[in-house]
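Just so you know, these numbers come straight off a predicted model, no measurement behind them.
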Amino acid sequence: MSDRNALVELANFVGRSPLASPDMRVRNKALKGVTERILPRQKRSVGDLLGVVMALSARTRRMAQDPVHVEVDVFAPGGKRALRMILGES
């Protein structure tokens with residue numbers, strides 16, 4: 001049960017991220033916020049720089065990937081379909 005809750009939380013986190021928004025203005029605003037949080041500080045750590053690099057690289061990797069289509073079929077023990085779930089454009 002706890003594994004399912006962790007997966008639900010992860011799915012909700014990714015879905016709410018402004019970096020995953022299809023609107024370029026929303027993504028740029030989020031990136032501006034990230035850079036503003038680290039710029040005013042005089043003394044930046046390696047961890048701050050690494051965090052920015054990882055966020056930008058993850059965003060670039062997601063944008064370069066093709067959209068996916070996922071189908072999940074679940075069958076009952078008797079062989080009948082119990083659930084059919086389709087995610088993505090059909």
How many angstroms lie between atom CZ of Arg37 and atom CG of Asp48, to the nearest 0.5 angstrom?
-> 10.5 Å
Measure the CE-CZ distance between Met63 and Arg27 for me, rounded to the nearest 0.5 Å.
-> 4.0 Å
Interatomic distance, OG1@Thr60 vs CD@Gln65, rounded to 0.5 Å, equals 11.0 Å
So do Leu56 and Val34 actually touch side chain to side chain, heavy atoms under 4.5 Å?
-> no
Name the atoms and distances for all side-chain donor-acceptor pairs under 3.5 Å in residues 75-85, with sequence neighbours left out.
unit_1, atom_1, unit_2, atom_2, d
Arg84, NH2, Glu71, OE1, 3.1

Residues at least two apart in sequence or cross-chain that pass side chain to side chain contact (heavy atoms under 4.5 Å, CB included) with Val46, listed by chain then number, are none
Any sub-3.5 Å donor-acceptor pair from Ser21's side-chain atoms to Pro18's backbone N or O?
-> no
Run the side-chain contact (heavy atoms from CB on, under 4.5 Å) check on Asn28 and Met24 step by step: do they pass?
-> CA-CA 6 Å; Asn28 286 339; Met24 184 60 97; 3.6 Å; yes
Heavy-atom closest pair (Val70 atom, Val72 atom, distance to 0.1 Å) is CG1-CG2, 4.1 Å
